[in-house]
Amino acid sequence: MTAPLTLPKSRQRLILAILMLCSLLIWLENTVLSTTLETLADPVRGLGANPGQLQWATGAYTLAFATLMFTAGALGDRFGHRTVFSTGLVVFAGSSLWAAYADGAGQLIAARAAMGVGSALITPAMMAILMWTFTGPARAAAIGIFSTSAGIGMAAGPVLAGFLLDHFWWGSVFLINVPVAALALVGLALLVPNFRSPTLRPLDPAGMLLSMSGLVALAYGLIRAGQVAAWSRTDVLVPIVVGLLLLTVFVLVELRVKAPSFDPRLFAQRTFGGGNVALGLLLFGVAAITFYNAFYLQGALGFSPMKAGLANVPTAFGALAAAPLASRLARRLPLRLVTVPAITVAALTMGAYAFLDLQTPLVWIELLMLLQGLSIGMVIGPVTAALISNLPLDQAGAGSAVTNTVRQTGSVIGIAVGGTIMSIVYRRAIEPALQGAPGPVQEQARVSAEQARHVAATAHQPLLAQAADDAFIHAMHVGAGWIAGIALLGAVVLLITLPAAGKKEVPTPEPEHQEAHSPEPQPAAR
């Protein structure tokens with residue numbers, strides 16, 4: 001169906017409700033795992049996963065999401081967006097069930113990667129259906145309502161995960177996805193036409209394979225460095241070099257394609273290229289510091305999952321409150337004046353983790369997280385809107401694909417690098433406390449602070465648990481400094497690439513996961 005009849009308003013509202021439910025599902029999945037990491041690391045309550053495995057459990061989802069999303073939009077054009085959407089929900093629900101009952105870290109990582117595939121199929125189809133269902137002023141209103149699902153998911157995800165972990169086993173945070181996906185599937189089948197574009201976009205299997213294999217190799221090398229506590233080993237350097245080479249080939253291949261799904265030529269535009277680099281660096285920092293925060297609250301401070309989930313709520317509320325304020329300021333002031341100070345403050349809040357310790361009052365932690373959410377929210381919306389609005393209409397889809405891919409890639413590399421720095425510094429810091437301890441105790445304590453606390457309780461060595469806490473805090477301090485420095489590079493990039501003056505009308509940004517590949521829907525027949 002290329003020119004659907006106008007749907008009744010009641011049916012449009014029901015379709016919007018289904019899309020918001022699915023968007024909420026994706027956002028919940030993006031946030032619940034951070035609350036679950038500490039439990040997964042526990043040998044008794046979880047899987048006894050080491051830091052590298054937890055990095056992969058987090059990164060596998062994002063890798064699949066980042067590298068398949070721009071191809072999924074083209075699949076929707078060919079086979080119908082409802083068909084691709086439904087397929088994505090089936091994959092997402094099935095892999096959630098797999099993750100819930102995984103009996104080892106390897107199975108969990110594989111299931112998380114499959115969940116990323118499902119999310120990549122869902123996201124562009126979800127946005128395409130929204131654009132086809134609504135026209136004119138109703139579309140703008142629908143997008144505004146739809147975007148609230150992101151904020152609800154950010155705020156509710158950690159709390160929901162905390163409640164489930166306090167009352168059920170860790171797999172419950174994934175199992176809850178299954179009935180929600182089933183309900184959405186029924187709604188899609190009954191209410192949503194199988195919209196498809198009259199203009200088919202070419203699939204890009206070469207680009208998909210090169211980008212995925214390159215990012216996987218690069219992430220493997222970075223995470224492997226943390227596992228072996230060294231950067232100079234062959235099994236670290238070789239995958240890093242191979243990954244960089246594959247990504248270089250990916251860019252060269254995309255440059256030779258007339259209509260690439262990921263268009264590197266757009267980076268030649270100063271504002272677009274600089275803005276994307278800055279967002280990638282910011283998301284690098286956000287992902288890395290979120291990874292640290294999970295272990296700090298539940299591991300070092302001993303918060304319950306529910307308390308840790310509630311402690312993360314100020315970040316989500318800060319981002320929600322900042323979004324409309326940033327939009328208004330960007331209409332009245334030069335974008336550089338709004339975003340450069342904000343991203344600088346965001347980087348400094350990440351660096352402030354270097355001053356947190358085992359005695360830091362909760363109120364200071366909450367204020368720090370609120371400020372972090374406010375500053376991040378002041379950057380992402382205005383910069384994203386400016387990037388897309390500065391492009392010609394026929395390049396908006398490619399620009400959206402580039403922006404989404406850069407964001408997800410920044411998150412993947414942030415988790416890999418941040419986690420590796422933490423692992424290396426922790427191992428070096430815990431070593432003096434292990435002298436004279438039995439061999440098995442030493443081996444387990446070197447893995448992570450979580451493993452050290454467990455073996456200390458088993459062996460009745462409270463001093464070892466204290467040493468593990470101190471080593472983790474030291475590792476977090478060192479990592480926070482590096483993370484803040486990298487995020488500050490984003491402020492430098494924005495300062496250089498954004499216009500110095502001149503007021504520019506910036507449109508209201510659309511939801512974070514928007515994939516605008518699909519052409520503008522044709523007017524509905526009346």
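Residue indices begin at 1 and follow the sequence shown.
- Relative ring orientation between Y101 and W169 is described as tilted, the plane-to-plane angle lying within the 30° to 60° band.
- When all heavy atoms of L370 and P314 are compared, the pair lying nearest together is CD1-O, 3.6 Å.
- Side chain of Y353 to backbone of G479: no donor-acceptor contact under 3.5 angstrom is found.
- No donor-acceptor pair under 3.5 Å is formed between the side chain of Q107 and the backbone N or O of W98.
- In this structure a side-chain-to-backbone donor-acceptor pair under 3.5 Å is missing from Q372 to T315.
- A salt bridge links R453 and E450; the closest N-O separation between the charged side-chain nitrogens and carboxylate oxygens is under 4.0 Å.
- At least one donor-acceptor pair closer than 3.5 Å links the side chain of R11 to the backbone N or O of L191.
- For the 3.5 Å distance criterion, the side chains of T360 and D357 qualify, holding a donor opposite an acceptor.
- For the pair S96 (side chain) and F92 (backbone), a donor-acceptor distance under 3.5 Å is present.
- Here the side chain of D42 pairs no donor or acceptor atom with the backbone of E38 at under 3.5 angstrom.
- Remark: the backbone N or O of P193 is not paired with any side-chain donor or acceptor of H81 at under 3.5 angstrom.
- Here I421 contributes atom CD1 and F291 contributes atom CZ; the two are 12.0 Å apart, rounded to the nearest 0.5 Å.
- A side-chain donor-acceptor contact under 3.5 Å links T349 to the backbone of A346.
- In the displayed structure, W231 atom CH2 is contacted under 6.0 Å by more than 12 heavy atoms of other residues, nucleotides or ligands.
- A distance of 8.0 Å separates CD in Q408 from OH in Y61, rounded to the nearest 0.5 Å.
- For the pairing with T58, the side chain to side chain contact (heavy atoms under 4.5 Å, CB included) check across V412, L63, I109, L33 returns one residue only, L33.
- A donor-acceptor pair under 3.5 Å links the side-chain atoms of R82 to the main chain of V192, judged by distance alone.
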